[in-house]
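Being a predicted model, the structure only gives us computed values, none of them experimental. This chain uses plain numbering: 1 for the first residue, then up along the sequence.
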Amino acid sequence: MTASARQVRAVRLGPRSVAALCLVSAIGVVAFGWPLLAGSGSGLAHSQDAPWLFAALLPLLLAVVVATIGDRGLDAKAIAMVGVLAAAGAALRPLGAGTAGIEPMFFLMVLSGRVLGPGFGFVLGSVAMFASALLTGGVGPWMPFQMLSMGWVSMGAGLLPGPDQWRGRRELLLLAGYGAVASVGYGLVMNLQGWPYIGGLASGVSFVPGDPLAANLTRYLAYCLATSLGWDLPRAVVTVVLTFALGGTVLKALRRATRRAAFEAPVAFEAPGGPPDRS
């Protein structure tokens, strides 16, 4: 394999970065899934403060993860690329956000994570969602959950197989399939964040604190079908269409940019005019 064909990673994950990602992901699973994970005898199952607790905790955890990854190798060139791609993602989101699930932002996050790796992808997804929330006025207790979910989406693309071997239509098929699944999965996961807030309503789709897992899971699936599937499926379709229509061009541009940035090239400093004369 030639050097130009080998995929360059903007961020190399070390043991500390991997441990931080695993920790925040595990806590994120609890933050999203506590209504289904908490048993009937658990105090958490009856807590109305749990969503707010996790909403306050997640930004701190995300900040720790970003700082840990940055300490491992998020240099000035990688930070600049994060800024450019996050700004592009934030600009894409308002084009369709809130309109039948048309969100072209997902397409860019998936392709960026694929080219630049899981560590860069997690940082990019989180930062892009934060920037888009500020741009669209979507700041609220749901924002850290959105940041974590988008971080997972972009990180997952960086973990897909064949980054150095798969090219052309085969790679586009892989990314389109992943993008479709991730687009629907994002909606399902984010529903878990908002679902507990409607607990207590006289409805067959409401969260009932302390009820058995099977009963609450049935209500949750009914809630997803009734509220979000009409947004999740169009989001998946848009992601697939954009991946096939623009994916090849965007992937080439991202790979060209990473090669020119020379993320893995060692930095050496020399005195002007060459080495000093020691004679």
Problem - Derivation and outcome, side chain to side chain contact (heavy atoms under 4.5 Å, CB included), residues Leu175 and Leu251 - result: CA-CA 11 Å; Leu175 293 176; Leu251 287 171; 3.9 Å; yes

Exercise for the section: Mind running side chain to side chain contact (heavy atoms under 4.5 Å, CB included) on Leu174 and Arg114 for me, showing each step along the way? Expected result: CA-CA 10 Å; Leu174 173 69; Arg114 170 65 171 178; 4.1 Å; yes

Problem - side chain to side chain contact (heavy atoms under 4.5 Å, CB included) between Met143 and Met129, intermediate numbers included - result: CA-CA 8 Å; Met143 186 180 71; Met129 187 57 74; 5.7 Å; no

Exercise for the section: Start with the C-alpha gap between Cys224 and Leu229, add the side-chain angles, then the distance that decides, and say whether side chain to side chain contact (heavy atoms under 4.5 Å, CB included) holds. Expected result: CA-CA 6 Å; Cys224 292; Leu229 197 60; over 6 Å; no

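Phe120 has its side chain out of reach of Val115: every pair of non-hydrogen atoms, C-beta onward, lies at least 4.5 Å apart. When side chains are defined from C-beta on, Glu103 does not count as touching Val238, because their heavy atoms never get closer than 4.5 Å. Using a 4.5 Å cut-off on side-chain heavy atoms (C-beta onward), Leu116 and Leu85 make contact. Between Val184 and Leu233 the shortest side-chain heavy-atom distance falls below 4.5 Å. Proximity of Tyr223 to Asn191: side-chain heavy atoms (C-beta onward) are separated by under 4.5 Å at one or more points.
Hydrophobic clustering (ILVMFWY, side-chain heavy atoms < 4.5 Å, transitive): Trp166 and Leu159 are in one cluster. Hydrophobic cluster membership is shared by Leu188 and Leu213, with clusters built from Ile, Leu, Val, Met, Phe, Trp and Tyr side chains linked at under 4.5 angstrom. Hydrophobic cluster membership differs between Val84 and Met105, with clusters built from Ile, Leu, Val, Met, Phe, Trp and Tyr side chains linked at under 4.5 angstrom. Following chains of ILVMFWY side-chain contacts shorter than 4.5 Å, one cannot reach Val240 starting from Val237, and the two form parts of different hydrophobic clusters. Transitive grouping of hydrophobic side chains (ILVMFWY, heavy atoms separated by less than 4.5 Å) keeps Val181 and Leu221 in distinct clusters.
Taking 4.0 Å as the cut-off between side-chain N and carboxylate O, Glu171 and Lys252 do not count as a salt-bridged pair.
Looking only at distances, a side-chain donor or acceptor of Ser154 sits under 3.5 Å from a matching main-chain atom of Gly121. Of the possible donor and acceptor atoms, one in the side chain of Arg235 sits under 3.5 Å from a partner among the backbone N and O of Ser183. Thr258 places a side-chain N or O within 3.5 Å of a backbone atom of Arg255 that can act as its donor or acceptor partner. Not a single donor-acceptor pair under 3.5 Å links the side chain of Trp195 to the backbone N or O of Met190.
Smallest separation of non-hydrogen atoms from Ala180 and Ala236: O-CB, 3.7 Å. Between Ala133 and Arg93, the shortest heavy-atom distance links the atoms N-NH1, 4.1 Å. Shortest non-hydrogen contact noted between Pro118 and Gly158 is CD-O, 3.6 Å. The two residues Val127 and Ala86 make their nearest non-hydrogen contact at CG1-CB, 3.9 Å. Looking at every heavy atom in both residues, Leu242 comes nearest to Pro104 through CD1-CB, 3.6 Å. Shortest non-hydrogen contact noted between Gly28 and Leu148 is CA-CD2, 3.5 Å.
Within the model, atoms CE of Met109 and CG of Leu124 stand 4.0 Å from one another, a figure rounded to the nearest 0.5 Å. Here the straight-line distance linking atom CG of Leu172 with atom CZ of Arg167 works out to 11.0 Å at 0.5 Å rounding. Once rounded to the nearest 0.5 Å, the distance linking CE of Met150 with CZ of Phe145 reads 16.0 Å. In this structure, OG in Ser149 is found 9.0 Å from CD in Gln193, a value given to the nearest 0.5 Å. Note that the OH atom of Tyr220 and the CG atom of Leu192 stand 4.0 Å from one another [nearest 0.5 Å]. One distance of note links CZ of Phe107 with OG1 of Thr239; it measures 9.0 Å at 0.5 Å rounding.
For Tyr186, the ring pair (Phe, Tyr, Trp, His ring centres under 6.0 Å) partners are Phe106, not counting sequence neighbours.
The neighbour count for Phe130 CZ, taken as heavy atoms of other residues, nucleotides or ligands under 6.0 Å away, does not exceed 12.
Aromatic ring orientation, Phe32 versus Trp152: tilted (interplanar angle from 30° to 60°).
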